[in-house]
Amino acid sequence: MDIIYRPTKAIIDLEAIDHNMKVLKERVGAARVMAVVKADAYGHGIVQIAKQALKSGAEMLAVATPDEALYLRDHAVDAEILILGASPVSFLGEAVKRNITVTAYSLEWMEAAAAGLEGTDAPLKIHLKFDTGMRRIGFEPEEAEAAFAVAANPVFEVAGMFTHFATADEAANPLFLEQAERIKAIRQKWNGGPLLFHVSNSAAAILNPELAFDAVRIGISLYGIAPSSYVKNEMHLELKQAMGLETEIIHVKKVKKGDKVSYGATYTSDEDEWIATLPIGYADGLLRGLQGQEVLVGGQRMPIIGRICMDQCMIRLPEKIAVGEKVQLLGTQLNDTISIEEWAEKLGTIPYEIPCILTARVPRLYRGA
Ligand SMILES: *Cc1c(COP(=O)(O)O)cnc(C)c1O
């Protein structure tokens, strides 16, 4: 559906993506940067972000699913793509044809893949994924030799090896160092051809650049969001939030002292008050838990009052303000900024969830770079 007549929109600042890519590349030195654009580039728009990240210096892309990789190929993105999650064997012929690299994560999967690939002309590019402590997908460290033996089948081309940290974004967790030691020991055992060895997500790439090895997988920080408040405090890096969210006031009214506002009548005005209605609600991703969150109007903070509805919500104004006035829900207006971290804190969640919950009804518009 085209979205033309509603003032609610997300503005994605490609200049911020460019800036973040450059400072992150500087942090990891010679390591290649794999821009992680899964989940529609964390809600920012997969094609636009992939193209900008490559233009700004990313050497590769990573996605979570086969369909995300195919979507990129169908939109003229021909950079190297790694699928981080599990791919069904039924997809592998297509992966070979479209030059998409997949993750090999269990002996069972590898055997099924080898059988499925019998008779195809080109080898399937794989990265061997080891589970060194996350307990999600990946070979057990003890399975290394067996995995290497199956990987020697000429239907495969082993292009990389990796693991994923469970605790890279927190202070000195012993599991982090254990995982690093386990994967280094597995790397030592490999006696096949050259491969891309990578272990780090944003948090590890930023705080432990000595573990950058051949490549890093950069997701959240590319979008200008710190992986955690711990990383934010320790990183000494200026990231720029790429996502802004804005709308306009569509109705202004004066309510009497004691009037109730919105479903459930949870808000009662203390005095005669000016309130405004905004055309954005939980169906856009403005979750009901954001009741009380502030928005910016003319650079000033004003609270969301009463229950957030599916398509609309109300804010309290300090005085009468004209219909049509711009409202910033995320991002900067004059001298103040509402960060994604602020919403995450209000909702009791991690910042990763915030851009991902803005729904398809909110158009993404791009500016800069
Ligand atoms: C999502 C993901 C990343 C990116 O993590 P960020 O914390 O967003 O940088 C890296 N590696 C794997 C395996 C992932 O699933």
Side-chain angles (χ1 to χ4, degrees), residues 16-17 20-21 23-25 27-28 31-44 46 49-50 53 58-66 68-69 72 80-87 101-106 126-139 159-170 173 176 179-180 182-183 196-209 211-232 234-235 237 239 241-243 340-341 344 349-357:
I17 299 289
N20 297 332
M21 180 56 70
V23 298
L24 290 160
K25 275 191 82 74
R27 178 64 58 99
V28 300
R32 299 171 78 187
V33 172
M34 215 182 282
V36 181
V37 294
K38 63 192 180 188
D40 200 27
Y42 295 41
H44 292 67
I46 187 167
I49 298 297
E59 282 94 351
M60 276 182 76
L61 301 169
V63 296
T65 70
E68 291 174 341
L72 285 171
E80 214 174 307
I81 302 174
L82 170 64
I83 298 173
L84 298 167
S87 293
T101 306
V102 306
T103 291
Y105 60 94
S106 76
I126 56 171
H127 283 208
L128 301 171
K129 166 81 184 284
F130 283 91
D131 179 358
T132 57
M134 173 79 177
R135 312 315 273 143
R136 196 166 62 179
I137 60 169
F139 303 103
M161 178 189 293
F162 72 113
T163 195
H164 188 56
F165 290 119
T167 60
D169 61 352
E170 45 184 86
N173 189 311
F176 177 76
Q179 287 196 265
R182 285 179 195 140
I183 193 65
L196 196 75
F197 182 57
H198 51 103
V199 302
S200 295
N201 55 6
S202 289
I206 291 169
L207 297 184
N208 300 83
L211 297 177
F213 301 112
D214 302 324
V216 294
R217 305 184 302 270
I218 298 286
I220 196 78
S221 54
L222 176 61
Y223 309 101
I225 305 164
S228 66
S229 52
Y230 172 73
V231 178
K232 195 182 177 79
E234 302 290 320
M235 67 184 178
L237 204 63
L239 296 176
Q241 180 175 308
M243 183 179 277
I340 282 174
E341 285 94 341
T349 185
I350 57 169
Y352 288 75
E353 271 195 335
I354 305 301
C356 293
I357 56 174

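Start at 1 and go down the list; that is how both ligands and their atoms are numbered. Just so we're clear, the structure is a prediction, and the values are computed from it rather than from any experiment.
Nearest protein neighbour of atom 9 (O) of ligand 1, counting heavy atoms only, is Ser202 OG, 2.5 Å. Of all protein heavy atoms, the one lying nearest to atom 11 (N) of ligand 1 is Arg217 NE, 2.8 Å. At the shortest separation from atom 7 (O) of ligand 1 among protein heavy atoms lies Tyr352 OH, 2.6 Å. In terms of protein heavy-atom proximity, atom 13 (C) of ligand 1 is closest to His164 ND1, 3.5 Å.
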Checklist line | Leu207/Phe176 under side-chain contact (heavy atoms from CB on, under 4.5 Å): CA gap, chis, key distance, verdict | finding: CA-CA 12 Å; Leu207 297 184; Phe176 177 76; over 6 Å; no
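Test Arg217, Gln179, Lys129, His198 against His164 for side chain to side chain donor-acceptor pair (under 3.5 Å) and you get one pass: Arg217.
For Lys129, no nitrogen or oxygen atom sits less than 3.5 Å from a nitrogen or oxygen atom of ligand 1, counting backbone and side chain alike. For Phe162, no nitrogen or oxygen atom sits less than 3.5 Å from a nitrogen or oxygen atom of ligand 1, counting backbone and side chain alike. Residue Leu84 has no N or O atom closer than 3.5 Å to an N or O atom of ligand 1.
For ligand 1, the atoms closer than 4.0 angstrom to any heavy atom of Tyr42 are 1 (C), 4 (C), 5 (O), 6 (P), 8 (O). The atoms of ligand 1 that sit less than 4.0 Å from any heavy atom of Lys38 are 1 (C), 2 (C), 3 (C), 14 (C), 15 (O).
To the nearest 0.5 angstrom, Leu239 atom CG is 13.0 Å from Tyr223 atom OH. With values rounded to the nearest 0.5 angstrom, Ile81 atom CD1 is found 8.5 Å from Thr101 atom OG1. Atom OG1 of Thr103 and atom CG of Leu82 lie 4.5 Å apart (nearest 0.5 Å). The line from OH of Tyr230 to CG of Asp169 is 10.0 Å long, rounded to the nearest 0.5 Å.
Note on ligand 1: Arg136 sits in its first shell, one or more heavy atoms being nearer than 4.0 Å.
Looking at Met34 against ligand 1, nothing comes within 4.0 Å, counting heavy atoms.
Under a 4.0 Å N-O distance rule, the pair Glu341/Lys232 qualifies as a salt bridge.
Side-chain N or O atoms of Gln241 include one that pairs as donor or acceptor with a backbone N or O of Ile340 at under 3.5 Å.
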